[in-house]
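See structure below.
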2 protein chains.
Amino acid sequence: MARTAGRSPEETRRVLLGAAAEVFRDRGVSATLADVARGAGVSKGGLLYHFATKDDLVRALVQDMLDTFRADVTAAVDPDDTGPGRLTRAYVRVSLRAHDADEVRETAALIAQLAAIPEVAALAKSDARHWAATLAADGLPPTVLALVVSAADGASFAALWGGASHTLPAHDLERGLLRLTRDRDLWALLAPSQG
Amino acid sequence: MARTAGRSPEETRRVLLGAAAEVFRDRGVSATLADVARGAGVSKGGLLYHFATKDDLVRALVQDMLDTFRADVTAAVDPDDTGPGRLTRAYVRVSLRAHDADEVRETAALIAQLAAIPEVAALAKSDARHWAATLAADGLPPTVLALVVSAADGASFAALWGGASHTLPAHDLERGLLRLTRDRDLWALLAPSQG
DNA sequence: AAAACTGTACCGGCTGGACGGTATAGTTCC
DNA sequence: GGAACTATACCGTCCAGCCGGTACAGTTTT
């Protein structure tokens with residue numbers, strides 16, 4: 001009974017975060033520390049060794065999810081894609097791909113649940129601001145950008161309560177959004193100056 | 001100590017739901033029944049007379065919000081608008097108008113928080129399915145519909161953590177979305193058969 | 001018409017259990 | 001030897017739900 005067979009502290013931390021994500025997603029944030037610990041195959045004491053407080057755990061979890069999403073998007077940027085909107089396209093791809101993979105769905109559900117915790121809300125808000133600034137520099141017209149990003153966000157969130165809320169396959173929606181980021185005829189038709 | 005001066009039970013129920021919405025929005029679902037009761041100017045016992053259980057209260061609240069949103073959309077349908085997409089346009093208007101008015105924002109925050117409660121998730125899911133079916137019969141091409149509705153949902157949700165996540169004013173986004181529901185040139189450019 | 005009764009709408013104190021956190025003693029790996 | 005745990009016991013707090021009452025509005029009885 002000690003350091004669980006050859007697992008590094010860093011690994012344990014990650015296992016704990018993973019278990020927290022799963023347990024909180026399934027049973028809500030009100031789930032017990034004991035539950036999380038059990039889910040990770042770690043004792044409650046062990047959990048509290050790594051995260052001194054439940055708030056600590058929650059904060060770390062949210063930060064980790066935010067970071068993971070950002071890293072995913074950065075990694076999803078197509079190196080051959082040099083036109084305006086390349087980051088936005090990566091954002092769309094990750095959002096809708098993850099939507100299928102139940103990945104950002106967890107993030108969404110959790111962040112939403114946790115938005116009530118002021119400190120967590122602050123984290124998310126600062127992250128959102130950062131995204132807004134980054135995406136604004138991506139070369140798309142503001143209307144197009146807002147439309148595409150809102151739709152990507154909305155599609156991710158739909159999974160939260162709808163499952164398959166709209167009957168259109170995510171893949172088709174993704175194609176439509178990507179086309180919106182590329183087709184300048186569409187941009188023109190959406191420009192505010194238009195009728 | 002009796003029936004609070006001239007207030008009907010129905011009124012009390014509504015006051016309680018209103019207080020629950022406010023308190024849960026501000027302090028999360030983990031807020032106390034006593035807090036909700038205090039917010040409504042009712043004793044905890046009185047609250048529990050109307051809603052036998054905290055889950056009961058939550059369920060009733062979510063259902064009420066869902067119903068309210070649906071009623072708002074129905075009421076927002078423009079009688080002079082007879083073209084395809086008229087319901088979708090009402091949906092967009094309510095979503096983004098409420099987004100300004102912090103109205104659907106509450107709904108979103110709450111439903112999101114409550115999505116972890118299976119029974120509530122079921123309510124929301126069934127509601128989402130109903131919306132999908134209703135909107136599908138609105139006469140818009142599937143891709144356009146999915147894009148517009150996703151964007152409207154996403155914009156509502158953005159308020160959850162971002163506040164003003166994208167710098168575009170909601171009004172401009174609304175105009176873009178409404179144009180998308182009307183302009184057949186845009187439909188053509190977004191049609192799946194296209195490049 | 002007044003007394004007796006009944007049901008509804010509430011009040012507010014209480015409690016039992018759950019949960020976060022602490023403490024401590026022991027164990028195993030680096 | 002110290003970091004990284006396990007296991008267990010315990011404490012204090014907080015809160016949902018229960019319960020015994022109370023006040024009023026009707027309804028029925030006399």
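Note that these values count all heavy atoms, side chains included, but never hydrogens, waters or copies made by symmetry. Predicted, not measured: the structure shown is a model, and the values here were computed from it. The chains referred to below are lettered A, B, ... by the order of the sequence lines, with proteins before strands, and numbering in each begins at 1.
- Of the residues in residues 47-54 of chain B, L48(B), T53(B), K54(B) come within less than 4.0 Å of DNA chain D through at least one heavy atom, sorted by number.
- Looking at heavy-atom distances under 4.0 Å, A31(A) makes contact with sugar-phosphate atoms alone, never a base.
- Checking the phosphate oxygens (OP1, OP2) of dC10(C), a side-chain nitrogen or oxygen of T12(B) falls inside 4.0 Å.
- Distance, E10(A) CD to dA3(D) P: 16 Å, rounded to whole Å.
- For the pair R70(B) and W131(B), the cation-pi test (distance below 6.0 Å, angle within 45°) is passed.
- With hydrogens and angles left out, the side chain of K44(B) and the base of dA16(D) share a donor-acceptor pair within 3.5 Å.
- Between L57(B) atom CG and dG17(D) atom P there is a gap of 10 Å when expressed in whole angstrom units.
- Close to dC5(D), at under 4.0 Å from its OP1 or OP2, lies no side-chain N or O of S43(A).
- By the 4.0 Å N-to-carboxylate-O rule, R38(A) lies close enough to D35(A) to be salt-bridged with it.
- Atom CG of L33(B) is separated from atom C1' of dG13(C) by 16 Å (rounded to the nearest Å).
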For residues 75-82 of chain A, run the donor-acceptor check on the side chains, cut-off 3.5 Å, and write out each pair with its distance to 0.1 Å, sequence neighbours left out.
unit_1 : atom_1 : unit_2 : atom_2 : d
D78(A) : OD1    : D80(A) : N      : 2.9
D81(A) : OD1    : G83(A) : N      : 3.3
D81(A) : OD1    : R89(A) : NH2    : 3.1
D81(A) : OD2    : R89(A) : NE     : 2.7
D81(A) : OD2    : R89(A) : NH2    : 3.2

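- Regarding D55(B), its CG atom lies at a distance of 16 Å from the P atom of dC15(D), rounded to whole Å.
- Of the options L135(A), L96(A), L145(A), a side chain to side chain contact (heavy atoms under 4.5 Å, CB included) to Y91(A) is made by L135(A) and by none of the others.
- For the pair E119(A) and R59(A), the salt-bridge criterion is met [side-chain N within less than 4.0 Å of a carboxylate O].
- One can place CG of D35(B) at 13 Å from C1' of dA16(D), the figure rounded to the nearest angstrom.
- Results of the side chain to side chain contact (heavy atoms under 4.5 Å, CB included) test with F51(B) over L61(B), V36(B), L57(B), L33(B) single out L57(B) as the only residue that passes.
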